[in-house]
Amino acid sequence: MYKDVSIIAGPSSVDLAIGISKHLDAELVPVDLRIFADGESKVNVRTVEKDHCVIIQSTYPPTDRHLLQALMLIKRCSEDSAKVYTVMPYMAYSRQDRAFLEGEVATMDLVAKLIEAVGTKTFITVDIHSPASLSYFTIKAQNISAVGLLARYAKVKFKTKIPIVVSPDKGGVQRAVEFANELSTDMIALTKRRNKDTGEIIIEEKELNCNVVDRDLILLDDTITTGGSIVEACRFLRTYKPNKIYAMCTHAVLIGDTKRRVKAAGIEEIISTNSIPGNSAKVDLAGLISGQIKNIID
Ligand code: R5P
């Protein structure tokens, strides 16, 4: 039992925090949350008084609200505990790790500075979009991978015969290789371009150098937000006559009517981790995150 550890159940990640506290056999500290009529959050955490205080709070939409709640919790806990750890399984703003167009802001730099300024000593996230963006932190900042967990889920639960793993973009090659290795199968990485002004997605692959006829495909991405990337990848892949197409990701943001559009594109189902709660969140991160917390504390 981790008697000197408190797990703070951030409002966006209550179930995950419960799971982590069970894995560590550590105290779970609930957070009272009030949202005022103007949208402001107010948090209340009773006295923590533990050596190690671990805040679990993902920053999925409403992103800025969840981020500000995390900052409030860090500030509150650092008043009572010397060692505050912040776990943000889904880390927003990592896509804005630099100014891509003139006049833009490297917002990840700002967010890292805010998280540090309020008193966290260690930061942990899962499959962050840009691992390089963690260099904005001067404290210990770690990215852990859920790819093994996702692959093992696919192996056990999908009734597929030797599927092919497909990354919708070249940025996901390493992830797809790792996943395919776990399944002892092949992988493909498509070439994707996103129009930086309009957000429109284009799959620029000329042709597929792998025979996918009648094979099941698993589209793998770090995040599915609008579904644009996997829907376009699916449209392209369909022309090569595969069998079923599944989608897996660490973070299923799934805004608006994404689920409907993904289904309409012919994708069987989306499976994700519980970095973001929802129907697709079938892969539990509690064990993975607990292991990382143990490594740091021990
Ligand atoms: C981008 O490069 C990421 O890896 C994902 O492909 C992207 O965030 C997915 O977003 P959407 O579902 O909106 O296409």
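When a ligand or atom number is given, it counts from 1 through the structure's own listing order. What you see below is based on every heavy atom in this structure, not just the backbone, and it leaves out hydrogens, waters and symmetry mates. Residue numbers start at 1 and run along the sequence shown.
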In terms of the angle between their ring planes, are Y153 and F158 parallel, tilted or perpendicular, with boundaries placed at 30° and 60°? perpendicular
For ligand 1, which atoms, with element, lie under 4.0 Å from some heavy atom of G227? 11 (P), 12 (O), 13 (O)
Derivation and outcome, salt bridge (charged side-chain N to carboxylate O under 4.0 Å, His left out), residues D298 and K294: CA-CA 6 Å; D298 292 344; K294 273 186 195 169; over 6 Å; no
Can you confirm whether K192 sits close enough to S229 that some side-chain heavy atom of one is under 4.5 Å from a side-chain heavy atom of the other? yes
State, with a plain yes or no, whether a side-chain heavy atom of I55 is found less than 4.5 Å away from one of Q69. no
What protein heavy atom is closest to atom 10 (O) of ligand 1, reported as residue, atom name and distance in Å? R194 NH2, 3.5 Å
Contacting atoms of ligand 1, where contact means under 4.0 angstrom from a heavy atom of I201: 14 (O)
Check: H251 ring centroid to Y60 ring centroid under 6.0 Å: no
Give the atom numbers and elements of ligand 1 that come within less than 4.0 Å of a heavy atom of D169. 2 (O), 4 (O), 6 (O)
Salt bridge check, E27 against K22: does any charged N sit closer than 4.0 Å to a carboxylate O? no
Atom 14 (O) of ligand 1 [closest protein heavy-atom partner, distance rounded to 0.1 Å]: S229 OG, 2.6 Å
Atom indices of ligand 1 within 4.0 angstrom of H129 heavy atoms, with elements: 1 (C), 2 (O), 3 (C), 4 (O)
Subset of ligand 1 atoms that lie under 4.0 Å from at least one heavy atom of D222: 3 (C), 4 (O), 5 (C)
pair D221-R175: side-chain heavy atoms closer than 4.5 Å: yes
Any atoms of ligand 1 less than 4.0 Å from a non-hydrogen atom of D221? List them with their elements. 3 (C), 4 (O), 5 (C), 6 (O)
Just jot down the ligand 1 atoms closer than 4.0 angstrom to any heavy atom of R95, in number order. 8 (O)
Ligand 1 contacted by K192 (non-hydrogen, < 4.0 Å): yes
Under 4.0 Å between a Lys/Arg side-chain N and an Asp/Glu carboxylate O for K155 and E182? yes
Of all protein heavy atoms, the one nearest atom 11 (P) of ligand 1 is T226 OG1, 3.4 Å
For T223, the ligand 1 atoms with a heavy-atom partner under 4.0 Å come out as 5 (C), 7 (C), 9 (C)
